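Remarks on the structure that follows.
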Amino acid sequence: MTAARGFPAFPRQRAGARFATTWWGQAWLKALADTSLDQGLLQRGRAYAKTGQLGPITVSPGRLAAVAEHEHDTVVRVEQLSDAAWDRFLDQVAAKAGHIAALLDRDMPHDLVRAAEAAGVPLLPAVGDLEPECSCPDWACRHAAALCYQASWLLDADPFVLLLLRGRGEQELIEALHQRDIPGTTGARSESAEGAEGAAGARAGTLPGTPAREAFARGVPPLPEPPPLDAPHAPLGLEPAPGVDVAALEVLAASAASRARDLLVSGRLPALTEHQDRVRMSAAFGLDLGLDAQVAAWRHGGAAGLEALETAWTPARPDLARAQAMLDAAWEGEPPAGVESARNRWTIGDRQLRYGRDGRWYPFERRGDTWWPAGPPARDPAALLG
């Protein structure tokens, strides 16, 4: 399986900063503009991309992902190429000795892209190839547009990012070319690549040696498969010691392992308050801290579920109107008798729906004088009212 690549967040940019300087980066932006029906959304995305509020970017086959402000998960899915299309693309790379050398020099040759398109392998996205998703409540989401604009900076620096989005990473492609005995993927290298490296070495005053790209392109034994992400944490097995709470250390170690797994899966760790972390650990390890309702909320919806339990808030007018429209659709236009609404909460007898800041609906049920989390959230309130 092709590995994902992570890139640090881009800092705040000056107002006049450009998004792409290479021809393929500019072609990516043109494809983005051609596939969008909302030019106002693109303008908001361009402005937001320069604010420095978009988090680190993860690139994997068919997927761009980042975290925006307020912990919104933003994903842009890209259509992947089929195995047959990749075979045709490799044929085009193999057709000219300079192609692989150019790619390794982080250049995307015009003629390679044209030849690939002629062979039915479009590298740049076309209409329908980009599918944005975001956990924010905005229908016209600027976060996904900003992510596409920042991707042009990544493409500028490394065209292999585009190939990874289409389904295969650099090492995987080099290994496939090596199996075809393509010059430039093992000891044999193009004269232009060797000449460029020799000139660069002479200018830098370095000694002769094996270029890094050639060394990394050589075959290596396959790495063992990583353990499954849901594998249980192995207890430390600590021996009792004077003045040491061994049980607490075991819990902290298991918590650290759990957080590390979350970081591997999502590429981020949301910042938690002390109260949120106490609830998280109680939910994960069954600690009896008198937080039963909070633990139930966390198990259903994480930090957002806990906020739905503990905090009432007033949605902005567009969000409130959107929430009410969704409820009207769920009630088929005729709300049941006795519905009470206050801020982000709609109460129907002993049941209650709470609209979260993440755009999801959280169900609650009355237990005596207390509202209790009644299940996981849903995007559509109709799924909860049923």
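Model, not experiment: these values are computed from the prediction.
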Please confirm whether the backbone N or O of [Y] pairs with a side-chain atom of [X], one donor and one acceptor, at under 3.5 Å?
| X | Y | answer |
| --- | --- | --- |
| Arg354 | Arg345 | no |
| His300 | Ala374 | no |
| Arg142 | Leu41 | no |
| Arg166 | Ser82 | no |
| Trp24 | Leu155 | yes |
| Asp105 | Asp107 | no |
| Asp245 | Ala248 | yes |
| Asp156 | Thr22 | yes |

Within one Ile-Leu-Val-Met-Phe-Trp-Tyr cluster: [X] and [Y], side-chain cutoff 4.5 Å:
| X | Y | value |
| --- | --- | --- |
| Trp372 | Leu385 | no |
| Met281 | Val246 | no |
| Phe160 | Val113 | yes |
| Leu32 | Val75 | no |
| Trp23 | Leu154 | yes |

Do you know the tightest heavy-atom contact between [X] and [Y]?
| X | Y | result |
| --- | --- | --- |
| Pro377 | Gly301 | CD-CA, 4.4 Å |
| Leu162 | Leu123 | CD1-O, 3.5 Å |
| Arg88 | Ala119 | NE-O, 2.7 Å |
| Ser282 | Leu289 | OG-CD1, 3.1 Å |
| Ala115 | Gln92 | CB-OE1, 3.2 Å |
| Thr58 | Ala4 | CG2-CB, 4.1 Å |

Original post:
Quick one: are the ring centres of His143 and Tyr48 less than 6.0 Å apart?
Top reply: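 Distance test on ring centres: under 6.0 Å, yes.
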Original post:
How about Trp361 and Trp346: are their ring centres within less than 6.0 Å of each other?
Top reply: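 When the ring centroids of Trp361 and Trp346 are compared, they turn out to be within the sub-6.0 Å range.
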Salt bridge between [X] and [Y], side-chain N to carboxylate O under 4.0 Å?
| X | Y | value |
| --- | --- | --- |
| Arg114 | Asp111 | no |
| Arg5 | Asp158 | yes |
| Arg63 | Glu133 | no |
| Arg168 | Asp83 | yes |

Subject >> Step-by-step side-chain contact (heavy atoms from CB on, under 4.5 Å) determination, His275 to Leu306 >> reply: CA-CA 10 Å; His275 171 64; Leu306 180 63; 4.2 Å; yes
**OP:** Inspect the surroundings of CD in Glu117 and state if more than 12 heavy atoms from other residues, nucleotides or ligands are less than 6.0 Å away.
**Re:**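 Yes, enclosed.
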Subject >> Stepwise salt bridge (charged side-chain N to carboxylate O under 4.0 Å, His left out) test for Asp319 and Arg322 >> reply: CA-CA 5 Å; Asp319 293 336; Arg322 186 180 303 121; 3.0 Å; yes
Can you tell if the side chain of [X] reaches within under 4.5 Å of the side chain of [Y], non-hydrogen atoms only?
| X | Y | value |
| --- | --- | --- |
| Leu90 | Leu173 | yes |
| Glu340 | Ile348 | no |
| Leu353 | Tyr362 | no |
| Leu320 | Thr314 | no |
| Arg14 | Lys50 | no |
| Pro315 | Tyr355 | yes |
| Trp153 | Phe10 | yes |
| Phe364 | Thr347 | no |

Just checking, any donor-acceptor pair under 3.5 angstrom between side chains of [X] and [Y]?
| X | Y | answer |
| --- | --- | --- |
| Gln276 | Arg278 | no |
| Arg280 | Ser255 | yes |
| Asp73 | Ser135 | no |

**OP:** Go through Leu177 and Ile100 one step at a time and tell me if the side-chain contact (heavy atoms from CB on, under 4.5 Å) criterion holds.
**Re:** CA-CA 9 Å; Leu177 291 169; Ile100 184 61; 3.5 Å; yes
Subject >> Test side-chain contact (heavy atoms from CB on, under 4.5 Å) applied to Thr74 and Val67, step by step >> reply: CA-CA 6 Å; Thr74 303; Val67 180; over 6 Å; no
**OP:** Kindly compute the distance separating CH2 (Trp86) from CD (Glu172), expressed to the nearest 0.5 Å.
**Re:**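 Rounded to the nearest 0.5 Å, the CH2-CD separation comes out at 8.0 Å.
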Subject >> Reported CG-to-NE2 distance for the pair Leu103 and His99, which is rounded to 0.5 angstrom >> reply: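 Output value for this atom pair is 8.0 Å.
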Subject >> Non-neighbouring partners of Arg367 that pass salt bridge (Lys or Arg N to Asp or Glu O under 4.0 Å), sequence neighbours left out >> reply: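 Arg367 satisfies salt bridge (Lys or Arg N to Asp or Glu O under 4.0 Å) with Glu365 once adjacent residues are dropped.
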Original post:
Run the side-chain contact (heavy atoms from CB on, under 4.5 Å) check on Gln26 and Arg18 step by step: do they pass?
Top reply: CA-CA 10 Å; Gln26 293 172 359; Arg18 295 181 60 186; 3.0 Å; yes
**OP:** Could you check whether the rings of Phe19 and Tyr149 sit parallel, tilted or perpendicular, using 30° and 60° as the cut-offs?
**Re:**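 The rings of Phe19 and Tyr149 sit tilted, inter-plane angle from 30° to 60°.
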